[in-house]
Amino acid sequence: MELLRSHVEHLLTAALANLGITNDAWKPMISPSREKEMGDLSLPCFAFSKQLSMAPQEISAQLAQSISPDQIISEVNSTSGYLNFKASPAWLANQILAGNIRIGDATGKSPTGHKSVLIEHTSANPNGPFHVGRARNAILGDTLVRLNRLHGNEVRAEYYVDDMGKQVAVLAWALEHLTAARVEEILADREPVNPEWQDKPDHMRVRWYQAAQVLRSDDAEKESIEQAISSMVHASENGDQGVLDAFENAYQPVLDGMLETLNRLRIGFDEFTKESIFVTNGDVSAIMNQLSDLEIHGIAENGAEYLDLGARGLKGKTEFYFKRGDGSSLYATRDIAYHIWKFQQSENLINVLGEDHKLQSKQVSMTLNELGQNSPEVLFYSFIKLPEGKMSTRKGNVVFMDDLLEEAKAFAANVVREIRVDYSEEMIAEIAEAVGTSAVRFNIIKVSPDKGFTFRWEEALSFDSDSAPFIMYSHTRTKSIARKCAAFGIEIDTINPNEISLESLDDCPNGLYNLLRTITIHNDVLRRSVEQNRPNLFANQMLNLANSYNGFYRDCKVVEDGEVDLLYLAISEIASKMLEAGMIGLGIQPLEQM
RNA sequence: GGGCGCGUAGCACAGCUGGAUAAUGCGUCGGCCUCCUAAGCCGAAGAUCGCGGGUUCGAAUCCUGCCGCGCCCGCCA
């Protein structure tokens, strides 16, 4: 698209000069045409009106008159004050066939070196299985990782393991002090564990955690329990290796279970960093000392220390505490140490956080700035609600990701079984797994992260035109065509794009023209999506690409009467590769057939 | 009470670096399988872009007030 833009700018510079406009202020005003019927790029002429004392319609009409179509631009027209440029189909096809449109690779094997990015996401407390709400973080974060790779960035995906807070302490305490029978007795009034997950430690051990939570609020001994937990927390914060080991033994199997769920969604990490490291290696106390030297630093009566971020413009609650009265650190303090370490790994940091972390994140960023550090980019997302209200583990008002994935797979299997009667059960299972997991991911990333949305089973399991299976389906059509052509003895890889005749494009079918145009802007959308950390923009582009391919499929028969149209085949193959790369970028699993 | 975010057809949402007739899916109504996979395609109906004010040649988009919803306002994580 950049090439088209610079060509249009070139044509316009001359045309506008004739009207007496010599500055460049109009250049950023050239934008993709909203009315696709009219053109690819448009220039609104309203702004020239005053300077030229002419009606905008008249200006655009005169400009259209003075610019004649060429190899690249097949049409220049003027409507209601807009000057529209339409790219020539043959030129578009030529660009695409010549490989000037980047297909990309989301696997991270071939970063083209835009920049390096460290993305931290998920970082969920290892105390129980993922529910749909917590999983939004992982899906959003992993998609960001993939899209950055597709864009050519070198990405490292990080999970920050909270291995020393109260949550782990509660879990460790429970595992040490409660028998299985006691746990079930305490949780007698709750839903039992789904037998399906009886061997999955995240589902099992969360029972201990939940039982402990009950005891902490109701039990006669709750004070001594609280004391026991609190002393474990303190010991861990002082770097007590015995306690830290006990914590690890408690949470590691839970974390493994959680990662198994993510793995099924094709979500993985390059590195796990434990919070405790920054305490045991001394970073945290060094930072507390630095913070104590800052001008905006303050001390409470009991010796606790804070920064007065109000002095730096923070509104609302302005004291940011980084040290407790007993001298120990807080979560946020350790987070600052973690960020400083992360900045040593990469200049560009992105965090994925729930909206409940907004204030905390702001405080951390401001403090980092005080220490002369940059602040990370943060993608915040709103929570997923259930029709009955907020998701709450305590009320049993949750949808576990493991259950959703099973449901999605079963639902997909039913669909496949119904419409592909000749498929084996093995094939059906494979397709259903891919469709189910892809659909779950896509349904979460297609909506804007700052929109809180309500989880509904019928929508999560919807495989209609706005979903991953729609994209997957278009892609399998490309595969089906390729197989058919191979059966005719055509080796796709041996086709030389330069030898394909573009003559037929003088009368380009609409479906083909639309596909060419969608392919051309594909990378512009990707760039925007990555730069703005908004995966939903690219998700939408992928729907458009699939939709355009379907139009091409309708209008252009690659194989007809036993004859293969090489131009159509070449375009179909490029669309296929672009679909596949984009699908991997969104975590959708491409299939040969479905 | 204060801070941040959201409010677009019956439902769910896109668009928000200001620009043309507000895009899409579900649902509703109608059409397309002797033709590369119909999980598809084509068409119809359906919107005072929460309400009021402002800036502008032009506002769903920017500013402001109000209303509604969400999140936060721990020496928790």
Side-chain angles (χ1 to χ4, degrees), chain A residues 28-29 31 33-35 37-38 42-47 49-50 55-56 79-82 84 125 127 162 164-169 233 275 300 302-306 314-319 321-326 328-332 334-335 354-360 362 380 382-383 385 390 412 415-416 418-420 435 446-448 450-454 456 458-459 462-470 472-474 476-485 511 528 532 536-537 539-540 543-544 546-547 550-551 553-561 564 568-569 572 593-594:
Chain A
M29 281 159 53
S31 56
S33 309
R34 205 191 77 186
E35 303 305 312
E37 301 298 309
M38 304 317 313
S42 299
L43 176 72
C45 297
F46 308 95
S49 187
K50 202 172 262 176
T79 45
S80 53
Y82 289 84
N84 307 302
N125 270 312
N127 59 2
D162 196 346
M164 59 181 302
K166 196 167 269 178
Q167 308 229 25
V168 215
V233 171
E275 186 180 341
N302 68 349
E305 299 186 34
Y306 60 89
L314 185 68
K315 291 179 188 163
K317 198 215 165 205
T318 60
E319 292 103 353
Y321 279 88
F322 61 88
K323 189 194 266 187
R324 290 202 187 93
D326 64 8
S328 63
S329 65
L330 286 111
Y331 176 82
R334 287 167 239 143
D335 203 24
E355 59 177 339
D356 55 337
H357 281 70
K358 277 186 178 175
L359 176 59
Q360 170 104 68
K362 178 93 184 151
F380 291 107
S382 295
F383 294 122
K385 301 182 286 286
K390 237 172 108 172
V415 174
V416 184
E418 216 168 276
I419 57 186
R420 306 278 183 257
V435 168
K446 75 174 178 192
V447 322
S448 177
D450 49 17
K451 222 93 149 191
F453 76 94
T454 304
R456 283 175 235 274
E458 66 270 27
E459 278 161 25
S462 150
F463 299 163
D464 295 304
S465 303
D466 238 357
S467 70
F470 175 83
M472 298 170 78
Y473 186 72
S474 293
T476 57
R477 280 178 155 174
T478 69
K479 290 295 180 185
S480 170
I481 287 174
R483 278 195 299 277
K484 199 136 262 179
C485 291
R528 238 185 100 201
Q532 301 183 9
N536 58 309
L537 296 182
N540 195 48
L543 288 173
N544 288 339
N547 191 32
N550 289 343
Y553 182 87
R554 177 196 64 221
D555 289 350
C556 304
K557 298 280 179 279
V558 175
V559 182
E560 197 166 35
D561 304 326
V564 174
Y568 291 169
L569 176 59
S572 177
Q593 51 187 311
M594 62 186 278

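All figures in this text were calculated on a predicted structure; none of them were measured in a lab.
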Nucleotide nearest [X] (side chain, heavy atoms from C-beta), chosen from [options]:
| X | options | answer |
| --- | --- | --- |
| A:F383 | B:rC71, B:rU17, B:rG40 | B:rC71 |
| A:L330 | B:rC76, B:rC42, B:rU8 | B:rC76 |
| A:R34 | B:rU21, B:rA77, B:rC72 | B:rU21 |
| A:R456 | B:rU24, B:rC71, B:rA12 | B:rA12 |
| A:K557 | B:rG5, B:rC35, B:rA20 | B:rC35 |
| A:V447 | B:rG5, B:rA77, B:rA14 | B:rA14 |
| A:V559 | B:rC36, B:rA39, B:rC57 | B:rC36 |
| A:S465 | B:rC26, B:rA39, B:rC72 | B:rC26 |
| A:E35 | B:rA20, B:rC36, B:rC76 | B:rA20 |
| A:N547 | B:rA38, B:rC41, B:rA14 | B:rC41 |

At under 4.0 Å, does any side-chain N or O of [X] touch on OP1 or OP2 of [N]?
| X | N | answer |
| --- | --- | --- |
| A:S33 | B:rA20 | no |
| A:K50 | B:rC57 | yes |
| A:Y553 | B:rA38 | yes |
| A:N550 | B:rG40 | no |
| A:R477 | B:rA38 | yes |
| A:R324 | B:rA77 | yes |
| A:K166 | B:rG74 | no |
| A:R554 | B:rA38 | no |
| A:K451 | B:rA12 | no |

For [X], which contact category applies under a 4.0 Å heavy-atom criterion: base, sugar-phosphate, or nothing?
| X | answer |
| --- | --- |
| A:L359 | sugar-phosphate |
| A:E319 | nothing |
| A:Q593 | base |
| A:L543 | nothing |
| A:F470 | sugar-phosphate |
| A:M29 | nothing |
| A:N84 | base |
| A:C556 | base |
| A:F453 | sugar-phosphate |

Please report the distance, rounded to the nearest Å, between [atom1] in [X] and [atom2] in [N].
| X | N | atom1 | atom2 | answer |
| --- | --- | --- | --- | --- |
| A:H357 | B:rG5 | NE2 | P | 18 Å |
| A:E458 | B:rG25 | CD | P | 19 Å |
| A:N536 | B:rG25 | CG | C1' | 15 Å |
| A:F46 | B:rC57 | CZ | P | 13 Å |
| A:K362 | B:rG3 | NZ | P | 14 Å |
| A:N544 | B:rU24 | CG | C1' | 9 Å |

If I take atom [atom1] from residue [X] and atom [atom2] from residue [Y], how far apart are they, to the nearest 0.5 angstrom?
| X | Y | atom1 | atom2 | value |
| --- | --- | --- | --- | --- |
| A:M38 | A:S33 | CE | OG | 8.5 Å |
| A:N536 | A:S448 | CG | OG | 5.0 Å |
| A:Y568 | A:C556 | OH | SG | 4.0 Å |

Write down the distance separating the [atom1] atoms in [N] and [M], rounded off to the nearest Å.
| N | M | atom1 | value |
| --- | --- | --- | --- |
| B:rG1 | B:rU17 | P | 32 Å |
| B:rG40 | B:rG27 | P | 11 Å |
| B:rA12 | B:rG7 | C1' | 14 Å |
| B:rA45 | B:rC29 | C1' | 7 Å |
| B:rA47 | B:rG15 | C1' | 14 Å |
| B:rG10 | B:rG53 | P | 24 Å |
| B:rU56 | B:rC26 | C1' | 38 Å |
| B:rC63 | B:rU55 | P | 15 Å |

I'd like to know if the side chain of A:S474 pairs up with that of A:N550 as donor and acceptor (distance under 3.5 Å, no hydrogens or angles considered). yes

Paired with [N] by Watson-Crick or G-U wobble geometry, both distances under 3.5 Å: which nucleotide is it?
| N | result |
| --- | --- |
| B:rC62 | B:rG54 |
| B:rG1 | B:rC73 |
| B:rA45 | none |

Heavy atoms of other groups near A:E37 CD, more than 12 under 6.0 Å: no

Syn or anti: how is B:rC33 classified when any glycosidic angle within 90° of 0 counts as syn? syn

When you look at A:S42 and A:N84, which way does the side chain to side chain donor-acceptor pair (under 3.5 Å) test go after all the steps? CA-CA 4 Å; A:S42 299; A:N84 307 302; 2.6 Å; yes

Can any side-chain N or O of [X] pair as donor or acceptor with the backbone N or O of [Y] at less than 3.5 Å?
| X | Y | answer |
| --- | --- | --- |
| A:K317 | A:E319 | yes |
| A:K446 | A:D466 | yes |
| A:T454 | A:K385 | no |

With distance as the sole criterion, do the side chain of A:S42 and the base of B:rA20 form a donor-acceptor contact below 3.5 Å? yes

With no angle test and no hydrogens, is the base of B:rC26 tied to the side chain of A:D464 by a donor-acceptor pair under 3.5 Å? no

Does a side-chain heavy-atom distance below 4.5 Å link A:Y306 with A:K323? no

Between the base of B:rC75 and the ring of A:Y321 - centre-to-centre under 5.5 Å, planes within under 30° - is that a stack? yes

